[in-house]
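Read through the structure below, which is laid out as C-alpha cells, and then see the notes.
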There are 4 protein chains.
Amino acid sequence: MRIENKFPGKDVSPEDLVTKFPLAARKDPFHKSRFKVAGVEFGGDLVPVFAGPNMVESKELIFDIARNIKNSGAHFLRGGAFKPLTFPYRSAKYNETREAGIEWMAEAKAKYGVPIITEVMEEKYISLVAEVADIIQIGSRNMQNYPFITACAKTGKPIMLKRHYGASLRDWLGAAEYILVEGNSQVILCERGVSVPHTHRTTSRFLLDLQVVPAAQELTHLPVVTDPSHATFWRPWVKPMALASVAAGADGIMLEVHPDPDNAAVDPLQPINFNSFEQLMNDMDNIAKAIGRRVR
Amino acid sequence: MRIENKFPGKDVSPEDLVTKFPLAARKDPFHKSRFKVAGVEFGGDLVPVFAGPNMVESKELIFDIARNIKNSGAHFLRGGAFKPLTFPYRSAKYNETREAGIEWMAEAKAKYGVPIITEVMEEKYISLVAEVADIIQIGSRNMQNYPFITACAKTGKPIMLKRHYGASLRDWLGAAEYILVEGNSQVILCERGVSVPHTHRTTSRFLLDLQVVPAAQELTHLPVVTDPSHATFWRPWVKPMALASVAAGADGIMLEVHPDPDNAAVDPLQPINFNSFEQLMNDMDNIAKAIGRRVR
Amino acid sequence: MRIENKFPGKDVSPEDLVTKFPLAARKDPFHKSRFKVAGVEFGGDLVPVFAGPNMVESKELIFDIARNIKNSGAHFLRGGAFKPLTFPYRSAKYNETREAGIEWMAEAKAKYGVPIITEVMEEKYISLVAEVADIIQIGSRNMQNYPFITACAKTGKPIMLKRHYGASLRDWLGAAEYILVEGNSQVILCERGVSVPHTHRTTSRFLLDLQVVPAAQELTHLPVVTDPSHATFWRPWVKPMALASVAAGADGIMLEVHPDPDNAAVDPLQPINFNSFEQLMNDMDNIAKAIGRRVR
Amino acid sequence: MRIENKFPGKDVSPEDLVTKFPLAARKDPFHKSRFKVAGVEFGGDLVPVFAGPNMVESKELIFDIARNIKNSGAHFLRGGAFKPLTFPYRSAKYNETREAGIEWMAEAKAKYGVPIITEVMEEKYISLVAEVADIIQIGSRNMQNYPFITACAKTGKPIMLKRHYGASLRDWLGAAEYILVEGNSQVILCERGVSVPHTHRTTSRFLLDLQVVPAAQELTHLPVVTDPSHATFWRPWVKPMALASVAAGADGIMLEVHPDPDNAAVDPLQPINFNSFEQLMNDMDNIAKAIGRRVR
C-alpha cells in the first residue's frame, strides 16, 4: 500500500532547511538579508524597481529608455542583449545585439548614472557581462543549470535568479543555495509566472504566483522580486499585478518599459510606455507607503 | 494533423461574449455593475469586507464575532451553518448547526445590524436560507450544479458564486450566466484558490489566483471578490494576500475571523483573531485609498 | 515556520483508509470487488466495453448504434439523453431528447438485448432513469454534489462515478464512499481526463490520467474504467489511449461511437465509426489477452 | 478586450511546423524516422528497451546488471555516472562515480556486447562521454539549455532528449530542432513524467503523460520513448505503465533495473529487480505483438 507522506524529497521539510539549503534558509522571523548594490538597498524598506525593454534593440532606444526610467525613479535599467529562443531560428526583427548591446548599456549607465541588470546565458559570456552589469540575471531556463549557476556565482557579482515556470519553491531555493555556497551572498529571487492548468490560464500563458512571495519569505532571508510584465504577458494587467506585488510584500518589481510598446521587437503585448510607467511608479509608491515601505 | 487553434470551445473567444455569456459580458471598458445589498454598494469605490467564522459553531460564538467584526468595520457577517464534507463521516467537533445556525445568524443580524452571507448546499434548504441571508453563497463544489444554481437564482436574492478550484474563467462566467438568465442581476464572483502543479504549491493546497481579478474584470461587469483565508489555508499569508487583493482591484474581500483561531472547529490554521482583523481593516483601507477606493 | 507535512487532509494518508473511505478502501492486495450487472461481470478477467453516441440524437440513431456495437461485442450501450451545458443557451443541433431519449434507449435495449448506461443530472429525473438504466452515470460536474450522489445511491442501481477533471483520487474515493455508505456496493469509477498545465496540454483540453488506474487499484477494491474519447477529444488518439488503458489494467473502457462522426451533434472530433470500433474491439481483446484478461 | 486566440506563440500552430521546427515536423502520416544505433533499429517494428541502474554505483554492480539485462533481451544498458542534484550537497551514498563510472560502462559494453546510453551534464565532459556512449542522454533539466544541446549535437552521436517536467510538446520539439539543425538526425524523444496539479498527483511526484505519445507522433517523425520508472517513482506502477506505453505506441521503453532495489543508492522506490524485469520483457513483448510490433 503506498501512502504519500512516507516519501522523502517532497516539497519542503524541516530537514531541508538544515541539510538542503542551510545558507538560504531563514533562521528566525527577523532574519532578512540586507545588502546594497550600486547604492540601492535590497531587503529593507525600499522596493527597488528594475525597468527597461525586453531587448536592447539599439543604442538610441536604450539611451532613451535609460533617461526616462531614471527620471521616473527606477533604480535599475534592465534589458537583454542576449536573448534565449525556444527555436533555433531567429526573425530579422528579433535580433540579438549581444556584445554591442552590452556596450550600449555600459554607455547608458555611464551617461545617466543608472545601474544595470542583464541576463547572461552562456558561460563564455559571463566575464563580459560581469564587467558591466551591476546584477547578473540568470533566466528561468537556466534555473537548473547548476554548473552555469556556479560559474556565475564565482564572479562575486550580485545575482538575480529567476524561477523556472515549472519549478517548486524548494527547487528554486536549491538553485539559490548553489550561489550561496560559493560565498556569494547577494542573491535576489525573482518570480516570473508559473504554468498552470489550462482551466486557470484565463487568457495568459502564465500565472503570476503572488502567494510565493510570503511563502518564500517564510523560508528564506533572501529578497523576493516579481516580474508582472513577463508573467501576465498583457499590458492592462501589469499595473494591477505590480500594485498587488508591492502590497504582498515583494522586495522589488521588474517591469518592461518601451517608448513604443506596439512596435517592441519582442513581446509587444506586455511593455508599458513612459507615461504609464511614471504613473505606476507613483501608484506603487503610494501602495508601498501604506505598508511602511517606499518605492521612491 | 491536429493543430490546437482549430478547436471550438477552448477558453474565451470573441463569440463567447455574444453567444455564451452575453449577460455577464462587459460591453465596454466603463461597463461595471453597481448594486446595493443591505445598503452596501458593490462595484463602486467601496471594497466590502465579509468576515466571520468558517462554521457557525454556537450562538455565543456568532454573537461574539458579529459584534467584533461590526465594530472593526466589516460589512457582512459570513459563516456556514451547512458545511460540505468530502467524506460522509463527520467528527463530533465538525458538527453542522444547520437550522439552528441559520436562526442564530438571523438573531445576530437583528441585534448587531450586520447583514449576512451564508452558503446553501441543497435545494430543500434554499427557501430557509433565502429568508435570512442578504446574500446566498454558492460554494465551489456546486459551481457546475446548474439546476441548483437556477433554483438559487429564482429566489431573487443576491448571489455570491465561488469559483471551483479547477474551473476556468470561461466556465465560471457560464455559471454566472445561469443566474443572470433568470433575471437575477445581483451576482458577485468569488475567487477562492485554484489547484496548481505540486511544484508550484509551495506549502499550501491552493494558490490564490490574483491574476483572475483583472482578467475577469476585463470580460465581465460583475464584481469580483477574493477569499485569501480559504486559498492560502495559512494564517500568516492571509494579510499579504488580502492586501494584494485590494491592490489588484478586487471588489470585495472575504476573511475568516475567529476569537480563538487555534480552537476553531474547522480549518484552525487559517482564521485570524479580532486584533489581527482590526489591524488588517486599517491596512486594507490604506491600500484601497492609495488606488482611489476605500474599505471603510 | 510553515512546513507542509504538518498539515492534515492532504492527499491520502493511512488514516484516510480507515476513517475517510473505509468502505472504498482495499483491505489487502487480493481484495477486489466483483459483481455482475445485467450478466456482465466487473472486476474479473473481462474488460467490459461501453459504447455509443455522446447524445441520443434520435431513435433511428440509437437503434443503428445499438445494433452495430452489440454486433461488435460491446457490453453496454452508452448515450446521453440529458446533457449538461456550461452555458444556459442551447443550439438547435445540441438538443437534448430527455424523456424521449430515455424511452428510445429502453426500446433499443429491449430490441437488441444490450444493457444501457446513461447519465442523470437532476434529482427529479433519477427515478425515470433508474427504471431504464442498468447503470446510472454520475457525471464529473456532479462528483462533489453529495446530496445528489446520495439520492442516486438510494435507488440501489449500479453507479458509474466519473472523476471531476480537477479532483484528486482522495476526493474521488470520498465521493464513492457516499454511495457505499448507503449500502449500494456496485460502484464503478471512471477516469475521463484531468486538466493539466497548458504546457502539458499538447493539443487537447484534457490529459487521460492513466497512472490513476494502478494508483486507484492500490487503494480501492472498486473497478476502475477509463474514457479515452472524452479525455483525448480527438479521434486519432482514441485507439492508442484505449489500448494503453487495457494494458494499464483498466477494468472497463468507455468509447464514443457514431455512424457519421463528423456530423455528430456533440463533440464531432472525438467519436469513432463502426468500422474503427470493430477493429478496436479486436485490438483491445488482443492486448487484454496478452495480460490474461479479455474484452470478448 | 483580450481574447486568447489573438496571441502568437501559444502551443502548436500550423506555422510552427514550417517556421519553428521544420526539421522535426512530420511531413505526412507515413513520415517516420528510422535509424540504427549499434545495430538496433529505432522507428520500426522493434520497441527497444533501455535498462539499468539510476546510478553506476560500482564496477561490480554495472557488470552484474549488464549481464542480466542483456540476457533478458534489453537493447541498451542505461546508467548515470554523472548525476544532477537539486541541492549542492551530496550524501556519502549518493556519490557520483564520474570518469570511473564511464570507464566501467565502457568495460561492461566490451565484455557483454550491450551498447550504452548515459547522461552528460556539462560541456567539458561531452567528449569523454561521446567516446563511450552509443547514445548521449540530455536530461530534463538541460532541455532548455540550448548552447549545451548544440554542443552535444555537434558530436554527431545519437541523442536522447528528455522532456522537462514543465515543458510543452512545442518547447520539446523546439529543443529537438536545435539538434537537427546541426545536421544530427538521430534524435530520440523521451517522456519522463510531467508535474500536475496536486489534486491529480495521487501519490507520485509526476504523472507519466502517455497522451503525448500519439500527440508527438502526430507532429514529428522522431521516435518517442517513455520512462515509466522515473515518472511513477513507485515500483508497483512501473509494470502497468510500461505495458501501457507499449500499447500506446511508444518507440522504446526506459527502465530502472537493480539487483537489490531497496538498497539502490538513488531513488530506491522505483527500480525493479532482475526477475521482474525478465517477466516484464515477456509481457511487453506480448503487448507489442498484439499491435504488430515486438520487443524481442
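By convention in this document, chain letters (A, B, ...) are assigned in the order of the sequence lines, proteins followed by strands, and residues within each chain are numbered from 1.
- Among Val181(B), Thr19(B), Leu180(B), Leu85(B), the residue making the largest number of heavy-atom pairs under 4.5 Å with chain C is Leu85(B).
- Scanning residues 140-156 of chain B against chain C with a 4.5 Å heavy-atom cutoff picks out Arg141(B), Asn142(B), Gln144(B), Asn145(B), Tyr146(B), Pro147(B), ordered by number.
- For Lys124(C), the salt bridge (Lys or Arg N to Asp or Glu O under 4.0 Å) criterion is met by Glu122(C), not counting sequence neighbours.
- The two residues Pro88(C) and Gly174(B) make their nearest non-hydrogen contact at CD-O, 4.0 Å.
- For Arg192(C), there are no salt bridge (Lys or Arg N to Asp or Glu O under 4.0 Å) partners at least two apart in sequence or on another chain.
- Options Pro22(C), Gly139(C), Pro236(C) differ in how many heavy-atom pairs under 4.5 Å they form with chain B, and the most are formed by Pro22(C).
- Within the model, atoms OH of Tyr89(B) and CG of Leu23(C) stand 4.0 Å from one another, a figure rounded to the nearest 0.5 Å.
- Residues satisfying the salt bridge (Lys or Arg N to Asp or Glu O under 4.0 Å) test with Glu177(C), not counting sequence neighbours, are none.
- Rounding to the nearest 0.5 angstrom, the gap separating the OG1 atom in Thr86(C) from the OH atom in Tyr178(B) is 7.5 Å.
- More than 12 heavy atoms of other shown residues, nucleotides or ligands fall within 6.0 angstrom of atom NZ in Lys162(B).
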